[in-house]
Amino acid sequence: MSKRYTITAALPYTNGPIHIGHLAGVYIPADIYSRYLRSQGHDVAFICGSDEHGVAISLKAKKEGKTPQEIIDHYDALIRSSFEAFGISFDNYSRTSRAIHHKTAQEIFQVLHEKGVFEEKTTAQLYDPEAKQFLADRFVIGTCPICQNQEAYGDQCESCGSSLNATELINPQSTLSGAKPEYKETKHWYLPLDRYSEFITKWILEGHKNDWKPNVYGQVKSWVDSGLQPRAVTRDLDWGIPVPLIDATGKVLYVWFDAPIGYISSTKEWAEKIGKDWKPYWCDSETQLIHFIGKDNIVFHCIIFPVMLHATGQYILPENVPANEFLNLEGQKISTSKNWAVWLHEYLEAFPQQQDVLRYVLIANAPETKDNDFTWEEFQARNNNELVAIFGNFVNRVFVLTHKYFEGRVPDLKTLYPEDNLTLASLQTIPIQYSESVEKFRFREASQHLIQLARVGNKYLADTEPWKLIKTDPDRVSTILNTALQLTTALSILSTHILPFTSEKLQKMLRLNSKIDLWNSLISGKELLSPNHQIEMASLLFEKIDDAQMDFQREKLKNTEKGAASISLSIAPEKPNIDPKVFNELQLKVGQIIAAEKVPKTKKLMKLSLEVGQEVHSVVSGIAEDYEPELLIGKKVTWLSNLASRTLKGVESKGMILLGENEEGKLVFVSPEDSNTHTGLDIN
RNA sequence: CGCGAGGUAGAGCAGUGGUAGCUCGUCGGGCUCAUAACCCGAAGGUCGCAGGUUCGAGUCCUGCCCUCGCUACCA
């Protein structure tokens, strides 16, 4: 029976291009699922769009001396075209900067406001008087009151790991202008999540205990157990959707309030274009709503957005939120700022017409249950050993044999032997297993069922050996090749979701004209190609990828990483001049490390014994992530000796070892002769 | 620190109480229609560690270790 589905894929944020992590985590699974549902005859709206609001874009614009509009136009165009070229089959890809979205988001805000859902609160927040802006915690830096790190953020000190309030920082500074933030009162609207705790508990914790993924369920449970808090849904900012109330000038909707509404406005835009009613896709309880996201988005899609939808009293809730974990690249976290990524638009240029290879590799190794690693070595191996050797080679064998023995016409099916029946049976059983996997969002498993079908084909040919029988029993060969051709056709149907470009090419080679109901013919065991049907000459579906190409990609990664490093090799801004007396108050000495050990239960802290003249002092330093204890022994360092002692994690620390942070984010000791340092390095 | 997920052959994964499995890689053999492709076979695991429950534990319980993530702006 045909059902209605609304499938959403996380809105990409338009401050950077799309990389393989986005694809493996969200877009390829969502695309496969949508294509699958369509081939089953379901009514599918596969919805996405660019997320174009928020502080990050406004900041990036300021930094690059552009307008936010220029930034979003650039990335929206890039993202849009690379999705298109990659075959992500969105029914609509919109933008949150469009009028229809502004209107939709404001309407939903209005509805919630009129229903009295929001709480209004006036609080004092940090304000930058020079930039004339309120500051998010992240945009205030200052000295950590706990470890004296001078670059602690308003919410957390990354050196000692303590969580902080921006108010606790010593000498707070705005990262926008360098000005000293002051307090200013401001009014905001809060979504009282705490009042919906029971709703979330019943709906997810009780209702979806067994059908949602453990990582998603666990995350939600963790939020609910720790007590949901009211959350502000407005911000004082100049970039975003204006809050549609008279007493809210200068305020915009919080980006996380407006972004998920983008799914709805994108659906509206699509429905208008094709003359449909959008409402059933969001308001009809028969519709299945599925959100594809990455794990960092769980709270928004499982708690905040559903509460918003629920509170309006008009919308349906997601049936499932199959969030994936993260993909690493060559053993390291993918990082946009460090340029450690494989960008989709660059892949498309480097590997033209090979979209399916990346689709296959990423889905075969999708981070479904835990973080996974993408390596070019694996990319090459999967292409050469699976797509080329198993899938492509089987198809090629069948085409070559059919032309060699039957002039490219499908031969008759004569007497069926047990091995023929066995093979034909798998044309039904494998698609059924494949379907089960897809319906459970187990795409990695589904890709293995697909390749399994090609394996069955290779084995069938190896077992029956038609090239030997042709001399003695041409009738038998006729049956074998008919069977092999049915299998090839089945392969072209089963691969439509994961390998859409390949599937299309193969169907052209087979001259498969009617595309209607291919899936049904497949699982009902109908004859897929009739005798005497003429097929095209063989052409290769996949090509081998050689070592040189892979070396080139690996080299490129290294170089772009270096390139990014040289850009970020920035010189810290000058601080105001100080009185020489202040400097004289600092006591700096050279010390030598004579012992080092990690402080237990911490990530970064290392306990060092420092020999200074005749004395030995104990100093705790946040360098454990960058240095092995053994390598530190014997090292001479610059030591600030008259900093008041303090105790970190139960270990007394006297003074402070001077360190700089280099372009790779690695802490280096201040020894100007060292190759790790560069001129202009900020010492602290 | 708290919370969540993960830790199973060289690599990537499946396996929720009953003789440890799949794919890739490795080694050996077969085949020659095919993109030096394909098919068969073998080697390779104290299932993170330590206790416990049970006739029986990868699977349940307890403690610990390691990796990743979340802690409210990175998929």
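Letters A, B, ... mirror the listed sequences (proteins, then strands); counts begin at 1.
The listed nucleotides are B:A14, B:C39, B:G4; the one nearest the side chain of A:Gln219 is B:G4. Proximity note for A:Asn393 (side chain, C-beta onward) versus B:U71, B:A34, B:G15: the nearest is B:A34. For A:Arg444, whose side chain is taken as the heavy atoms from C-beta onward, the closest listed nucleotide among B:C39, B:A14, B:A37 is B:A14. Of the candidate nucleotides B:G12, B:C39, B:U35, B:G12 has the atom lying nearest to any side-chain atom of A:Asn365.
The aromatic ring centroids of A:Tyr263 and A:His301 lie less than 6.0 Å from each other.
Both A:Asp463 and A:Gly227 lie near RNA chain B, and the one whose nearest nucleotide falls closer to the 5' end is A:Asp463.
Atom NZ of A:Lys213 sits about 5.5 Å away from atom CD of A:Glu368, to the nearest 0.5 Å.
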Practice item. Take nucleotides 23-33 of chain B nucleotide by nucleotide from the 5' end and write B, S or -, depending on whether a protein heavy atom sits under 4.0 Å from the base, only from the sugar-phosphate, or from neither. Key: SSS-----SSB
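Taking the charged nitrogens against the carboxylate oxygens, A:Glu52 and A:Arg80 have no contact shorter than 4.0 Å, which rules out a salt bridge.
OP1 or OP2 of B:G69 sits under 4.0 Å from a side-chain N or O of A:Lys333.
When the P atom of B:A36 is taken as reference, atom NZ of A:Lys544 falls 7 Å away, rounded to whole Å. Rounded to whole Å, atom P of B:G6 lies 8 Å from atom CG of A:Asn215.
A:Arg455 pairs by the salt bridge (Lys or Arg N to Asp or Glu O under 4.0 Å) definition with nothing, not counting sequence neighbours.
Ring geometry for A:Phe351 against A:Tyr347 counts as parallel: the plane angle stays under 30°, on a 0 to 90° scale with 60° as the upper cut.
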